[in-house]
Participant: 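If you scroll down you'll find the structure; I have some questions about it.
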There are 2 protein chains.
Amino acid sequence: MPAPAKVSPDSLRAAARRVLERDGQQGLTMQAVATELGVRAPSLYKHLRDRDALVRLVAEDIAVEIGELMARVLADEADAADAVRAIAASARRYAREHPHGYGLIFGPLPEAARARGSAMERSSAAILEAARRLSGEARALESARTITAWMHGFTSMELAGAFRLGGSVDDAWSYGLDHLVHGLAAPA
Amino acid sequence: MPAPAKVSPDSLRAAARRVLERDGQQGLTMQAVATELGVRAPSLYKHLRDRDALVRLVAEDIAVEIGELMARVLADEADAADAVRAIAASARRYAREHPHGYGLIFGPLPEAARARGSAMERSSAAILEAARRLSGEARALESARTITAWMHGFTSMELAGAFRLGGSVDDAWSYGLDHLVHGLAAPA
DNA sequence: ACCTGAACACCGTTCAAGT
DNA sequence: ACCTGAACACCGTTCAAGT
């Protein structure tokens, strides 16, 4: 008589997400996730190679979530500049609402723990499409990379508490976004 | 007869730096640093409150090093646009040469492990001065934050292997830097 | 004064044994 | 088939004991 399964791929992903959001990257341990599932740590090795695979599971869950968010945001905007603004704002908002999760996306993780390209594709696609509209086909990739770099850099610095010289961080956000959108717009 | 000291603040910092560069953030353990110093782990608690303090020690060492590098680079450039370009290039080069170290600067670390503002001041100062020359006094802070965000975002994405859609990453760097320098330059 | 061994709590991981 | 207990290696941390 087989033991009834207590862990499914979905329950595992959901439990890992919950632990990360609650306890951060340090707290995302095999034991904590096992406890969350009402199971002992060794059971998880039926589903995961090791802890890096656990971190990757969560990282990819978040990457997909951000991608879907950006795709939705893009679909709501007709104007190219508005689309870039809205996508950037949604990334910043997501980072604030899920600081531990956002830190998993471009942070310094072991290769085996990083989200793979397939999980990142959708968010790339939305930004690339917005950049294509803004800057034109020929420079779409470079434009998308410029937007993403600024957006991610600003957001991760804000999360790390790196803006310590006073002034309004919101002003700096608007200033950067305005200049980027302006500067990257292809001449009509 | 007191035991001769085997650990000094300088030897500790140097040993921690060596361990980080060799074994990465995960490998930067109390035991590894103790071994590097020819001592047992408990001895380190004479010098450090806990492991977060060890990580902070290295993070601040790197922040100061980057700050000095940028100050030197700035001093070599007369033109504002050239200064911004040279500072950005030096940050990117530093990140390539010290990937584990760079990851400590704006990465998702516990508050107690992050470099404090005092250690970050010099690099802020160089970028702020370059931005002041480029964009003028009134918008110097916002301009510096825009440059830093893009520079750090690009660099950390590159380290994380995030540019996976083909194309030339160097082209994207130049494209972004050109548009930034152009867009942020105050009208003459 | 500074360092060490011993100890404890906790984590990742393996594996033979349970049901 | 899936889960568990026991075990091992390793890490952070404390503290009494060594010199």
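Per chain, numbering begins at 1; letters A, B, ... match sequence-line order. Below, each value reflects all heavy atoms present in this structure, side chains not excepted, and no hydrogens, waters or symmetry copies.
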Participant: Give, for atom CZ of Arg18(A) and atom CG of Leu37(A), the distance between the pair rounded to the nearest 0.5 Å.
Facilitator: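 Interatomic distance, Arg18(A) CZ to Leu37(A) CG, rounded to 0.5 Å: 7.0 Å.
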Participant: Got more than 12 heavy atoms from elsewhere within 6.0 Å of CZ, Arg164(B)?
Facilitator: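 Count over threshold, so yes.
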Participant: Taking NZ, NE, NH1 and NH2 as the nitrogens, is one of them in Asp170(B) or Arg92(B) under 4.0 Å from a carboxylate oxygen of the other?
Facilitator: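 Yes, Asp170(B) and Arg92(B) are salt-bridged.
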Participant: In residues 20-39 of chain B, which residues come under 4.0 Å of DNA chain D by heavy atom?
Facilitator: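 Under 4.0 Å from DNA chain D: Thr29(B), Met30(B), Gln31(B).
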Participant: Apply salt bridge (Lys or Arg N to Asp or Glu O under 4.0 Å) to residues Glu77(B) and Arg133(B) and explain how you reach the verdict.
Facilitator: CA-CA 11 Å; Glu77(B) 302 290 340; Arg133(B) 292 187 200 162; over 6 Å; no
Participant: Short of 4.0 Å, heavy atom to strand atom, which residues of residues 5-18 of chain A count as contacting DNA chain D?
Facilitator: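 When residues 5-18 of chain A is checked for heavy atoms under 4.0 Å from DNA chain D, the hits, listed by number, are Ala5(A), Lys6(A), Val7(A).
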Participant: Could you grab the distance from atom CG of Leu104(A) to atom NE2 of His98(A), nearest 0.5 Å is fine?
Facilitator: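 Here the rounded value is 13.0 Å.
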Participant: Please state how far atom NZ in Lys46(B) lies from atom P in dT19(D), giving the value in whole angstrom units.
Facilitator: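 Between P of dT19(D) and NZ of Lys46(B): 17 Å.
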Participant: Any salt bridge between Arg93(B) and Glu97(B), counting N to O under 4.0 Å?
Facilitator: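 Salt bridge absent between Arg93(B) and Glu97(B).
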Participant: Among the nucleotides dT13(C), dC3(D), dG12(D), which one has an atom lying closest to any side-chain atom of Arg51(A)?
Facilitator: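 It is dT13(C).
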Participant: Only Watson-Crick and G-U wobble pairs with both distances less than 3.5 Å should count. Give DNA chain D in dot-bracket notation, marking inter-strand partners with |.
Facilitator: ||.|||||...|||||.||
Participant: Can you check whether Ser43(B) has a side-chain N or O nearer than 4.0 Å to OP1 or OP2 of dT4(C)?
Facilitator: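 Yes.
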Participant: Just say parallel, tilted or perpendicular for the rings of Phe163(B) and Phe154(B), cut-offs at 30° and 60°.
Facilitator: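 Phe163(B) and Phe154(B): tilted rings.
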Participant: Rounded at 0.5 Å granularity, tell me how far CG in Asp52(B) sits from CZ in Arg114(B).
Facilitator: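 Those atoms lie 10.5 Å apart.
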Participant: Can you check the Leu48(A) CG to dC3(D) P distance for me, whole Å?
Facilitator: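 To the nearest whole Å, that distance equals 12 Å.
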Participant: Please report, rounded to the nearest Å, how far the P atom of dG12(C) is from the NE2 atom of His47(A).
Facilitator: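 My rounded result for the distance is 16 Å.
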Participant: Quick check on Arg40(B): does its CZ atom have over 12 non-hydrogen neighbours (other residues, nucleotides or ligands) under 6.0 Å away?
Facilitator: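 Open: at most 12 neighbouring heavy atoms sit under 6.0 Å from CZ of Arg40(B).
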Participant: Applying side chain to side chain contact (heavy atoms under 4.5 Å, CB included) between Val84(A) and each of Val181(A), Asp79(A), Leu74(A), report the one that passes.
Facilitator: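 Single pass found, and it is Val181(A).
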Participant: Select one nucleotide: of dT4(D), dA6(C), dG12(C), the one nearest the side-chain heavy atoms of Pro42(A).
Facilitator: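 Of the candidates, dT4(D) comes closest.
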Participant: Mind calculating the distance between CZ (Arg40(A)) and C1' (dC15(C)) to the nearest angstrom?
Facilitator: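 Rounded to the whole Å, the gap is 17 Å.
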Participant: For the side chain of Tyr45(B), starting at C-beta, report the closest nucleotide among dT4(D), dT13(D), dC3(C).
Facilitator: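 Nucleotide nearest to Tyr45(B)'s side chain: dT13(D).
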Participant: Determine the minimum heavy-atom distance between Trp150(A) and Thr146(B), stating which atoms define it.
Facilitator: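 Nearest heavy atoms, Trp150(A) then Thr146(B): CD1-O, 3.7 Å.
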Participant: Which whole-number value in Å describes the distance from Leu44(B) CG to dG12(D) C1'?
Facilitator: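 Rounded to the whole Å, the gap is 11 Å.
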